[in-house]
Amino acid sequence: METDNSDHVNDTSLEDHRIKSKLVHDPIELELVLIRHGSTQWNKERRYLGCTDLPLLPVALQQLSAIRGRSALSGEFWRVCCSDLRRCRETLAAAAPALEHQAIYDSRLREMDFGAWEGCTYEQLKDNKHYRSWIDDPESVTPPGGEAWEEFAGRIDNFWTQLQREAVAAVAAGVVEVAEVEAESVAVESVAGSVTPLIDADSMGPGGCNAKTDASEPESAQGSAILRVLLVTHGGVIRQLLARIVEGMTFYTAAAPAPGEVTVMNLRRHEGIWSRIAR
């Protein structure tokens, strides 16, 4: 005997429509807490460090222990994502040990692979024509045996796209409650900084630029679902992620925090568009 499923189909269609509508229109806030891993011996010596799996220096572990009490690392996180390389794992364990059980170790968050130039300094490479060409145009030139820019940028873009989709789906499914944003100044934030190409990546150690904030007119308060995400990764990855998220920013103008430091970026999604906000 055949069964009439028309009512069920209509109910399903209505539910699908409700979820899709929610996905498009519900304001969502994403708080990204970004930690750049602490210093290694190669960072100290200003050697290119990409996929080589080195441990942190003892002094770096001590410095990371000191940031455990920072407000940015307190409270609950919806996601904890960490590069699978040792220096990032050790950074997470030292800075936020209570969150280790929640961590997702993701190879997409690794630093660029510098191939044959891993462990080399600028002084050792400065007269190499291939190296000079790469410095001038890293998007077109690839280190020998290393990672092409398209691959590096592609895996970070893939990570960010997946994170967005999962955040939207979590809110649509009711996993995250919608909270009223307090009536305070919420302004669009931009970051600027003069950064020499590839110098602020893990390969070249400390010496990155600090973010500069310019505030525009405050936005009105509204109900938003707020998801907190902790990312423990590398200088180059943070810069590329900023370039991917912030309109008008490039890898060369983005500024990563110093090794072992934390930065927070707040994003709001409304009607399908993400924008950066400041609190």
Side-chain angles (χ1 to χ4, degrees), residues 33-68 70 73 80-97 99-100 103 105-128 130-132 134-135 138 142-147 149 151-152 155-156 193 195-210 230-241 251 254-263:
V33 180
L34 305 167
I35 303 181
R36 183 179 176 184
H37 71 76
S39 293
T40 69
Q41 185 64 32
W42 280 11
N43 292 134
K44 183 179 179 180
E45 296 170 356
R46 298 184 65 80
R47 298 180 183 276
Y48 277 100
L49 174 59
C51 67
T52 305
D53 207 11
L54 298 184
L56 297 179
L57 291 169
V59 66
L61 291 170
Q62 295 174 4
Q63 292 168 347
L64 287 164
S65 297
I67 71 172
R68 287 183 188 175
R70 293 193 185 178
L73 297 177
V80 176
C81 300
C82 181
S83 163
D84 63 343
L85 293 180
R86 181 176 176 180
R87 56 192 184 273
C88 288
R89 288 173 176 265
E90 290 183 350
T91 295
L92 175 60
L99 298 174
E100 276 191 283
Y105 298 100
D106 196 326
S107 62
R108 292 175 297 180
L109 294 176
R110 289 185 176 193
E111 183 59 277
M112 175 181 279
D113 181 353
F114 298 108
W117 297 335
E118 292 266 334
C120 295
T121 65
Y122 173 78
E123 287 299 317
Q124 292 172 322
L125 296 171
K126 65 181 182 180
D127 297 323
N128 183 308
H130 190 169
Y131 174 75
R132 298 304 312 178
W134 176 68
I135 288 291
T142 302
E147 184 176 22
W149 182 272
E151 295 174 359
F152 170 68
R155 58 180 163 86
I156 296 170
V195 182
T196 304
L198 297 171
I199 293 299
D200 191 43
D202 293 343
S203 55
M204 302 307 287
C209 300
N210 293 323
L230 175 63
L231 299 182
V232 184
T233 185
H234 310 262
V237 173
I238 292 175
R239 291 174 64 186
Q240 182 59 23
L241 192 59
F251 180 87
E261 286 297 326
V262 183
T263 190

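These numbers come from the heavy atoms of this one structure, side chains and all, not from hydrogens, waters or symmetry mates. In this text, all values refer to a predicted model and were calculated from it rather than measured experimentally. Residue numbers count from 1 along this sequence.
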[X] side, atom [atom1]; [Y] side, atom [atom2] - distance, nearest 0.5 Å:
{"X": "Leu56", "Y": "Cys88", "atom1": "CG", "atom2": "SG", "value": "8.5 Å"}
{"X": "Leu54", "Y": "Ser39", "atom1": "CG", "atom2": "OG", "value": "12.0 Å"}
{"X": "Thr52", "Y": "Asp113", "atom1": "OG1", "atom2": "CG", "value": "7.5 Å"}
{"X": "Thr40", "Y": "Leu57", "atom1": "OG1", "atom2": "CG", "value": "6.0 Å"}
{"X": "Leu92", "Y": "Cys82", "atom1": "CG", "atom2": "SG", "value": "5.0 Å"}
{"X": "Asn43", "Y": "Arg87", "atom1": "CG", "atom2": "CZ", "value": "7.0 Å"}

Pairwise side chain to side chain donor-acceptor pair (under 3.5 Å) hits with a residue in residues 55-67, at least two apart =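 Listed once each, the pairs would be none.
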Restricting to salt bridge (charged side-chain N to carboxylate O under 4.0 Å, His left out), what partner residues turn up for [X], sequence neighbours left out?
{"X": "Asp84", "answer": "Arg110"}
{"X": "Arg86", "answer": "Glu90"}
{"X": "Glu118", "answer": "none"}

Passing option when Tyr131 is tested against Tyr122, Trp117, Tyr48 for side-chain hydrogen bond (donor to acceptor under 3.5 Å, both in side chains) =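 For Tyr131, the side-chain hydrogen bond (donor to acceptor under 3.5 Å, both in side chains) check succeeds only for Tyr48.
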Where do [X] and [Y] come nearest, in terms of heavy atoms and distance?
{"X": "Ala95", "Y": "Pro97", "result": "C-CD, 3.6 Å"}
{"X": "Arg36", "Y": "Ala256", "result": "NH1-CB, 4.4 Å"}
{"X": "Ser107", "Y": "Arg155", "result": "O-NH1, 3.9 Å"}
{"X": "Leu230", "Y": "Ala96", "result": "CD2-CB, 4.5 Å"}

Output yes when a side-chain donor or acceptor of His130 lies under 3.5 Å from a complementary backbone atom of Thr142, and no otherwise.
->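 Answer holds: yes.
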Side chain Thr233, main chain Leu109, donor-acceptor under 3.5 Å |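 Checked: pair present.
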Checking side-chain contact (heavy atoms from CB on, under 4.5 Å) for the pair Leu73/Ile35: CA distance, chi angles, key distance, verdict?
-> CA-CA 10 Å; Leu73 297 177; Ile35 303 181; 3.7 Å; yes
Arg89 NZ/CZ over Tyr105 ring centroid, <6.0 Å and within 45° of normal =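 Yes, Arg89 sits over the ring of Tyr105.
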side-chain contact (heavy atoms from CB on, under 4.5 Å) with Ala93: which residues, sequence neighbours excluded?
->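 Result, side-chain contact (heavy atoms from CB on, under 4.5 Å) vs Ala93: Glu100.
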Going by the rule side chain to side chain donor-acceptor pair (under 3.5 Å), which residues pair with [X] if we only count those two or more places apart in sequence or in a different chain?
{"X": "Gln41", "result": "Glu45"}
{"X": "Glu261", "result": "Arg70"}
{"X": "Ser83", "result": "His234"}
{"X": "Arg108", "result": "Asp106, Asn158, Gln162"}

Might you work through the side-chain contact (heavy atoms from CB on, under 4.5 Å) test for Arg46 and Glu123, ending with a clear yes or no?
-> CA-CA 10 Å; Arg46 298 184 65 80; Glu123 287 299 317; over 6 Å; no
